[in-house]
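Structure record follows, encoded as structure tokens.
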Amino acid sequence: MRWAGGLMLLSGTSTQALAGVTDDPAALLDEWAALTGGDPSRPWVRRFAEDGASQVHDWLQDLGLDLSLTDARDPGASALRVHVPDGGGPALAEALLAAGDPADILLETEVVGLIFTESGRCVGVAVQDAAGAGWLRAGAVILATGGFSRDLDRVAWANPELPLDKLAFAGAPWTDGKGHGLLEAAGAAWQNPRAMGIYAHGVADPRAPGEELTVAHLDAAMWVNRDGRRFFGENHAGSFAAGPALLRQPEQQGWALVDDALWNRMGLVDAMPLEAEPVPHLPDLVDAGRVLEAEDPAALALALLMDHRAITGEIDAWNVAFDEDAPDRLRGSPPPAALSAGPWRALPLQAALSKSFGGIAVEVDGRVVDAAGAPLPGLFAAGELTGMAGGSLVGDRGFTGSLSAVLLSGRVAGDRAAAEALD
Ligand SMILES: Cc1cc2nc3c(=O)[nH]c(=O)nc-3n(C[C@H](O)[C@H](O)[C@H](O)COP(=O)(O)OP(=O)(O)OC[C@H]3O[C@@H](n4cnc5c(N)ncnc54)[C@H](O)[C@@H]3O)c2cc1C
């Protein structure tokens, strides 16, 4: 959370009303299937749509956070719904820490096992820290260890069609699925594990193959596939529609084409902001052979072994839409700038596993359930471990701003666990 931008999808909030945005949970539920492939009649989807404003938005305001609306929206969304706190993910994390008692928080302490009574009730956790192994007794246990996008064995099991050799990572380093393993061993069921959030808004980091490097303004570039054809509305570069779209292209390849003016406006942003190494400059990517350069689009097409007529045709159509302020075929709105003067560059788009939208199955009150739907006594789960909330929010597509679902599922599980906790 501390590394996150802090984007949160919420509907029917006072922040939306103040900004003049007309929206309510019913509108969100109406378009949920089109946005995510999810089933709006599922209890967790309804709860997320209906309770997000009071349980997340208003609660965060009560904790002192200042929320505003961003212009991020997934393809097809009818309203601006993605909120961000002033200070982003770090501010969210600070607000949560400030709301708790620091004495109750053990850092650098890894949960390595769950402890059960003979009757099968979870009553604590086995832990490991620098001093050694130990255990903590608890009236109830809520696991919230994050996603599993770096656990490639599980990713392959969950979604055998994914071409793992074409994917980098964009999730946090600890999204290793160990928490899932603990719950699996305890008998927990999975929900919709194949729902992975796959980004495509960056190029591979030359310093660390397998890591993702995000590139600002890639949404202003023109994306083409191996045939030299545009294949995606680039204004949705940051959405979870982009990764699957890239993976559907011939040889699962695509490039972002930029002219010199756009190239000079681009900056690079590390996917992992706490990375110790400095961010490489764009020319370093050229030096590393990741970016191809040419004087004109036809030469660039030649270097990429593409049909130059396709590329020049796409650029002409792009510029006509820009000149005439006309809706672009894929973006829906006119391109933000004409593509004109060289040198031209092609950046290879990199698909990256970023979020788990499926996970451990939990009841709508956060209780972990087995394959028969029976709750495992004393055991709760929340956050990305549960596919953000309940493992069944989405169908085959993620959505922008799932931190709101993470927070809601944590609050829900906390309420119920507190009510059920043993003395
Ligand atoms: C760079 C970046 C930017 C992002 N931006 C956004 C954004 O703007 N909006 C959005 O919705 N999402 C964003 N995300 C994703 C978002 O951060 C996660 O989905 C979200 O933080 C998940 O929350 P969580 O509490 O479930 O898990 P996490 O935030 O991943 O926290 C899990 C915690 O559990 C700890 N842990 C793991 N295993 C154990 C163990 N065995 N014992 C003890 N502790 C353990 C980890 O150290 C970590 O502190 C971003 C992610 C990254 C990496």
Side-chain angles (χ1 to χ4, degrees), residues 1-11 13 28 32 36 38 42-61 63 65 67 70 72 74 81-85 87-97 99-100 142-150 170-177 179-180 183 191-193 195-197 199 240 353-368 380-394 397-417:
M1 176 176 287
R2 188 183 283 284
W3 291 6
L7 301 187
M8 293 179 286
L9 185 135
L10 294 158
S11 164
T13 67
L28 179 59
W32 192 251
T36 69
R42 281 185 172 264
W44 263 114
V45 180
R46 284 216 316 279
R47 184 150 203 178
F48 175 54
E50 287 164 4
D51 293 354
S54 60
Q55 294 290 310
V56 178
H57 178 276
D58 297 353
W59 175 64
L60 291 177
Q61 283 187 327
L63 291 181
L65 286 164
L67 297 168
T70 74
D74 288 320
R81 300 192 172 105
V82 178
H83 298 61
V84 68
L92 272 179
E94 290 305 326
L96 296 188
L97 281 174
I142 307 174
L143 241 59
T145 48
F148 69 102
S149 57
R150 287 184 190 251
W174 55 83
T175 51
D176 56 12
H180 300 73
L183 290 173
Q191 281 266 27
N192 201 13
M196 304 293 305
Y199 279 135
F240 290 114
L353 287 163
S354 87
K355 291 195 202 172
S356 312
F357 280 99
I360 295 298
V362 288
E363 273 290 339
V364 78
D365 57 8
R367 285 179 299 169
V368 175
F380 298 78
E384 200 174 327
L385 173 67
T386 69
M388 310 303 173
S392 57
L393 277 187
V394 306
R397 286 186 298 290
F399 62 96
T400 302
S402 46
L403 268 172
S404 42
V406 164
L407 290 171
L408 178 68
S409 71
R411 295 207 70 197
V412 163
D415 273 351
R416 179 71 190 233

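Given the structure is predicted, the values throughout are model-derived calculations rather than measurements. Values reported hereafter were calculated over all heavy atoms of this structure, with side chains retained and with hydrogens, waters and symmetry mates removed.
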_Minimum side-chain heavy-atom gap Pro173-Trp3 below 4.5 Å_ = yes
_Trp32 ring center within less than 6.0 Å of Trp44 ring center_ = no
*Under the side chain to side chain contact (heavy atoms under 4.5 Å, CB included) criterion, do Arg416 and Arg411 qualify, and how do the steps go?*
CA-CA 9 Å; Arg416 179 71 190 233; Arg411 295 207 70 197; over 6 Å; no
_Note, Phe399 side chain near Val394 side chain (heavy atom, < 4.5 Å)_ = yes
*Nearest heavy-atom neighbours spanning Val84 and Gly5*: CG2-O, 3.5 Å
_Thr13 side chain near Leu10 side chain, heavy-atom distance below 4.5 Å_ = yes
*Shortest non-hydrogen contact from Gly6 toward Leu403*: CA-CD1, 3.7 Å
*Is there a donor-acceptor contact under 3.5 Å from the side chain of His83 to the main chain of Arg81?*
yes
*asked:* Which label fits Tyr199 and Phe240: parallel for a plane angle under 30°, tilted from 30 to 60°, or perpendicular past 60°?
replied: parallel
*asked:* Determine whether Gln191 and Phe357 satisfy the following criterion, side chain to side chain contact (heavy atoms under 4.5 Å, CB included), listing intermediate values before the conclusion.
replied: CA-CA 9 Å; Gln191 281 266 27; Phe357 280 99; over 6 Å; no
*Verify, without hydrogens or angle tests, whether Arg367 (side chain) and Val362 (backbone) share a donor-acceptor contact under 3.5 angstrom.*
no
*Please report the shortest heavy-atom distance between Gly398 and Thr36, naming the atom on each side.*
O-CG2, 4.4 Å
_OG1-CD1 distance between Thr386 and Ile142, expressed to the nearest 0.5 angstrom_ = 11.5 Å
*asked:* What I'd like to find out is whether the side chain of Leu60 reaches to under 4.5 Å of the side chain of Leu407, using heavy atoms alone.
replied: yes
_Taking Val364's backbone N and O only, do any of them form a donor-acceptor pair with Arg47's side chain (distance below 3.5 Å, no angle check)?_
yes
*asked:* Do Ser54 and Trp59 have side chains that approach each other closer than 4.5 Å (heavy atoms only, starting at C-beta)?
replied: no
*Do the side chains of Thr145 and Trp174 get nearer than 4.5 Å, heavy atoms only?*
no
*Return the minimal non-hydrogen interatomic distance between Leu393 and Ala405, and the atom names on each side.*
CD1-CB, 3.7 Å
*asked:* Working to the nearest 0.5 angstrom, can you tell me the gap between Phe48 CZ and Arg46 CZ?
replied: 14.5 Å
_Taking Gly383's backbone N and O only, do any of them form a donor-acceptor pair with Ser409's side chain (distance below 3.5 Å, no angle check)?_
yes
*Any idea which heavy atoms bring Leu9 and Ser404 closest together, and the distance?*
O-OG, 2.6 Å
*Glu94 side, atom CD; Leu63 side, atom CG - distance, nearest 0.5 Å*: 12.5 Å
*Quick one: does Phe380's side chain get under 4.5 Å of Asp365's, heavy atoms only?*
no
*Kindly determine whether Glu384 and Lys355 satisfy side chain to side chain contact (heavy atoms under 4.5 Å, CB included), including the steps that lead there.*
CA-CA 8 Å; Glu384 200 174 327; Lys355 291 195 202 172; 3.9 Å; yes
*asked:* Determine whether a donor-acceptor pair (N or O, by modelled atom type, separation under 3.5 Å) exists between the side chain of Thr70 and the backbone of Val82.
replied: yes
_Nearest 0.5 Å, please: how far is CD in Gln55 from CD in Glu50?_
12.0 Å
*With a 4.5 Å limit on heavy-atom distance, are the side chains of Leu97 and Arg2 in contact?*
yes
_I'd like to know if the side chain of Ser354 reaches the main chain of Gly197, judged simply by a donor and an acceptor atom lying under 3.5 Å from each other, with no hydrogens or angles considered._
yes
_Pairwise distance CZ(Arg150) to CG(Leu353) - rounded to 0.5 angstrom_ = 9.5 Å
_Test item: Asp74 side-chain N/O and Thr400 main-chain N/O as donor-acceptor pair under 3.5 Å_ = yes
*For the residue pair Ser402 and Met388, what are the closest heavy atoms and their distance?*
OG-CE, 3.6 Å
_Reported CG-to-CD1 distance for the pair Leu143 and Ile360, which is rounded to 0.5 angstrom_ = 9.0 Å
*Donor-acceptor pair, Ser149 side chain versus Ser356 backbone, under 3.5 Å?*
no
